[in-house]
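In what follows, a structure is listed as structure tokens, so that the remarks can point back to it.
Below, each value reflects all heavy atoms present in this structure, side chains not excepted, and no hydrogens, waters or symmetry copies.
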Amino acid sequence: MAKIPINLVTGSLQQDEMIVGIDLGTTNSLVAIIHPETKKPVVLKEHDESSMVPSVIYFDEYGNPIVGTAAKAYLEIAPERTIFSAKRLMGKTYSDLGNTSLFSYKIIDDNTDSLVKVKVDNTFYSPVELSSFILKELKLRAEHILKTPVTKAVITVPAYFNDAQRQATRDAGKLAGIDVLRIVNEPTAASLAYGLGVGKSDQVQTIAVYDLGGGTFDISILRIVDGVFEVLSTHGDTYLGGDDFDKCIVQHWAGQNNISNEELSGNTLLAQGLRLRAETAKKYLSEADVYEDSFNQSSLILTKNEFEDLIEPLVSKTIDCCNRALKDAGIKKEEIDNIVMVGGSTRVPLVKHRVGDYFGKTVNDSVDPDEVVALGAAIQADILAGNNKEVLLLDVTPLSLGIETAGGLMDVLIPRNSKIPSKASRQYTTQVDGQSGMRISVYQGERDLVKDNRKLAEFNLTQIPGMPAGLPKVEVGFLINADGILTVTANELRSGVAQQIEVKPQYGLTDEQVEKMLLDSITHAKEDIATRALTEARTEGEQLLKTTENFLQKNTSLIHQEELLQTAAAMQALQLAITMEDKNLIQQKIEALNDISRPYAERIMDAAISTAMSGKKI
């Protein structure tokens with residue numbers, strides 16, 4: 001067990017520093033601040049423009065990204081080059097996504113557990129890179145409006161985001177040149193924007209935050225005691241939102257005009273044109289009883305009653321989620337003190353009516369549902385800046401803590417600015433068959449390569465039973481207690497083998513050293529991300545070569561000679577690409593090898609299953 005004192009940063013940041021709050025949304029993103037005169041949170045916007053920046057990125061023929069409203073126009077005319085809903089991809093593998101037909105651009109299926117990549121022409125983008133383009137646009141917008149550099153921010157994420165998705169959001173901020181001071185749950189931010197949990201009070205409040213956005217839905221049950229927010233439960237659907245309302249309308253109009261699903265899927269211009277008009281109809285019917293328009297020689301008519309009938313099953317799904325969230329929290333509907341409405345889709349009258357009926361009280365929608373999360377993020381930023389004296393700042397970790405993984409990369413377990421006490425754990429596995437030991441190297445810092453960070457401790461987990469690569473499950477745990485002492489543990493879960501070691505205490509870093517490490521992480525963010533991407537691509541390529549080689553050795557007799565020759569050529573091309581400094585080339589060769597091997601791998605697996613199940617009943 002390694003015990004290392006971690007120096008802490010207590011107190012506030014410089015009050016003259018500009019810290020913004022950012023709502024990085026699936027459909028739209030916003031940036032907000034505390035107004036210097038009124039001391040109220042406000043969303044930044046140009047004089048006659050919307051406060052919302054569409055979370056859309058278009059790549060032109062030279063690979064230059066265009067973000068926001070200008071990019072949205074390309075959804076119809078260049079869907080394969082226009083990225084939307086990048087937030088849905090954060091921290092996900094291909095298998096996590098399920099139905100990828102919802103996306104008009106190419107998402108790579110590499111048959112591994114690595115995180116997804118998006119391909120535009122011959123360039124591969126990670127969700128972190130895509131999100132960084134949106135954050136950079138928000139940063140530039142804020143700097144243009146405020147006439148001052150913006151380098152620090154609080155960014156919100158859904159309450160159900162896991163550790164990988166939160167870390168991906170931090171990385172995107174860093175790549176955009178932003179020091180992400182805190183990742184805040186969207187329900188917490190929304191509650192802050194409504195003034196809930198602000199100020200000293202012994203009263204316990206139980207809040208339901210109903211968040212129905214463009215792409216996702218979640219319901220969170222929060223308990224607030226004396227300014228401390230505790231998420232009791234969260235439930236939702238990452239594929240249920242306003243976009244699905246639009247799809248219902250499009251299908252309705254398609255039926256009215258005898259437009260088949262094949263025609264819709266094969267005609268991007270028609271599909272996107274109908275979708276954009278469905279978006280307009282949805283908003284229009286919040287105030288009117290009937291919507292009428294025409295497009296592409298089709299008559300588009302929709303009454304308010306028809307619209308509500310179409311979306312009723314989807315709204316019912318959200319109510320089912322509310323029911324499950326209450327059960328998970330162990331409380332009754334009557335115990336909810338406040339129902340906070342978040343997300344543009346909560347403007348739909350049927351949604352407000354059904355939610356109010358379910359909880360038995362009037363919903364709270366007094367704050368703009370599109371802006372409420374960003375406003376809450378600005379309040380949290382103000383707290384971190386030390387301007388809000390009603391909230392006590394707890395001690396936090398000044399730098400991220402993590403371990404070294406394949407290729408000399410830093411895998412963060414406890415991000416910087418985490419409140420203490422804090423704990424985190426993650427599972428790792430072996431890369432070589434029969435591997436009996438694993439070295440655990442602990443680092444502190446913000447750079448992507450461990451060589452650029454500060455080494456705190458190192459010990460070996462030995463006597464791991466001989467197993468095929470990938471089978472052992474080694475759980476590494478970090479725990480920082482209230483005194484700032486870090487405890488590191490490693491345990492192989494299948495066999496119960498554990499290892500511990502005591503390391504002599506090391507001196508903490510000075511504030512100047514911490515600041516330098518943070519500045520370096522921002523300054524070198526672009527090259528760090530590029531190095532990480534190249535290292536990950538090489539590691540993925542090497543693993544694929546090993547896996548393919550093993551598969552060929554075991555199944556040579558079942559593979560056609562032409563397939564063997566094609567595979568050998570593709571493996572040689574990948575091996576050569578790995579020696580080069582081009583991660584896009586490596587990804588191209590990985591994709592090529594997968595395309596060649598996938599058909600015969602599936603054929604052999606199907607035959608093996610058929611043989612195994614022969615004569616058996618299911």
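Between the Asp337 side chain and the Ile207 main chain, no donor and acceptor come within less than 3.5 Å of each other. No donor-acceptor pair under 3.5 Å is formed between the side chain of Gln251 and the backbone N or O of Cys248. Looking at Glu335, its side chain does come within 3.5 Å of a backbone N or O of Lys332 through a donor-acceptor pair. Between the side chain of Ser233 and the backbone N or O of Ala325 there is at least one donor-acceptor pair closer than 3.5 Å. No donor-acceptor pair under 3.5 Å is formed between the side chain of Tyr194 and the backbone N or O of Asn338. Side-chain atoms of Thr82 come within 3.5 Å of backbone N or O of Tyr74 as a donor-acceptor pair.
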(message) Under the criterion side-chain contact (heavy atoms from CB on, under 4.5 Å), I'd like the reasoning laid out for Val157 against Gln165: C-alpha separation, chi angles, the key distance, then a yes or no.
(response) CA-CA 9 Å; Val157 297; Gln165 291 167 307; over 6 Å; no
(request) Take Glu186 and Asp23 through the test side-chain contact (heavy atoms from CB on, under 4.5 Å) and record every step on the way to the result. (result) CA-CA 8 Å; Glu186 289 167 4; Asp23 174 11; 4.3 Å; yes
(request) May I have the step-by-step check of side-chain contact (heavy atoms from CB on, under 4.5 Å) for Ile145 and Glu46, ending in yes or no? (result) CA-CA 7 Å; Ile145 295 170; Glu46 301 287 359; 3.7 Å; yes
(request) List the steps and the verdict of side-chain contact (heavy atoms from CB on, under 4.5 Å) for Lys119 and Phe124. (result) CA-CA 5 Å; Lys119 184 180 181 183; Phe124 295 77; 3.8 Å; yes
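Taking every heavy atom of both residues into account, Ala142 and Val150 meet most closely at CB-CG2, 4.0 Å. Scanning both residues, Leu222 and Pro187, for their nearest heavy atoms gives CD1-CB, 3.7 Å. Pairing each heavy atom of Val250 with each of Ala278, the nearest pair is CG2-CB, 4.0 Å. Between Ser220 and Thr234 the shortest heavy-atom distance is OG-OG1, 3.2 Å. Contact record, Ala570 with Ile596: CB-CD1, 3.6 Å, taken as the closest heavy-atom pair. Taking all atoms of both residues into account, the shortest heavy-atom contact from Lys45 to Arg141 is CA-NH1, 4.1 Å.
Between Ser316 and Glu312, the side chains place a donor N or O and an acceptor N or O closer than 3.5 Å (distance only, hydrogens not considered). Between the side chains of Thr346 and Tyr210, no donor-acceptor pair of N or O atoms lies under 3.5 Å. Side chains of Gln167 and Asp171: a donor-acceptor N/O pair is present below 3.5 angstrom, by distance only.
The shortest distance between side-chain heavy atoms of Lys117 and Leu130 does not fall below 4.5 Å. No side-chain heavy atom of Phe217 sits less than 4.5 Å from a side-chain heavy atom of Val315. Side-chain contact between Val43 and Leu375 is present, with at least one heavy-atom pair separated by less than 4.5 Å. At least one side-chain heavy atom of Tyr358 sits under 4.5 Å from a side-chain heavy atom of Leu326. Within the 4.5 Å cutoff, the side chain of Arg223 has heavy atoms near those of the Ile331 side chain. Inter-residue side-chain proximity for Phe245 and Val351 is flagged as met; some heavy-atom pair is nearer than 4.5 Å. The shortest distance between side-chain heavy atoms of Lys87 and Ser55 does not fall below 4.5 Å. The shortest distance between side-chain heavy atoms of Lys283 and Arg347 does not fall below 4.5 Å.
For Lys72, the NZ atom is loosely surrounded, since the number of other residues' heavy atoms within 6.0 Å does not exceed 12. Residue His35 qualifies as enclosed at atom NE2: its count of foreign heavy atoms under 6.0 Å is above 12. Counted within 6.0 Å of CD on Glu287, heavy atoms from surrounding residues, nucleotides or ligands total 12 or fewer; the atom is thus considered open.
Atom OG1 in Thr206 sits 16.0 Å away from atom NZ in Lys333 (nearest 0.5 Å). Between atom OH of residue Tyr291 and atom CH2 of residue Trp253 there is a gap of 5.0 Å, rounded to the nearest 0.5 Å. Taking OG1 of Thr26 as the reference point, atom CZ of Phe84 lies at 11.5 Å (rounded to 0.5 Å). One distance of note links OG1 of Thr362 with CG of Asp357; it measures 10.0 Å at 0.5 Å rounding. Once rounded to the nearest 0.5 Å, the distance linking SG of Cys321 with CG of Asp328 reads 10.5 Å. For the atom pair Glu308 CD and Leu350 CG, the distance stands at 4.5 Å (nearest 0.5 Å).
A centroid separation of less than 6.0 Å is found between the aromatic rings of Tyr125 and Phe59.
With salt bridges taken as basic N to acidic carboxylate O contacts below 4.0 Å, none links Arg275 and Asp243.
With sequence neighbours left out, the side-chain hydrogen bond (donor to acceptor under 3.5 Å, both in side chains) criterion links Asn185 to Arg166.
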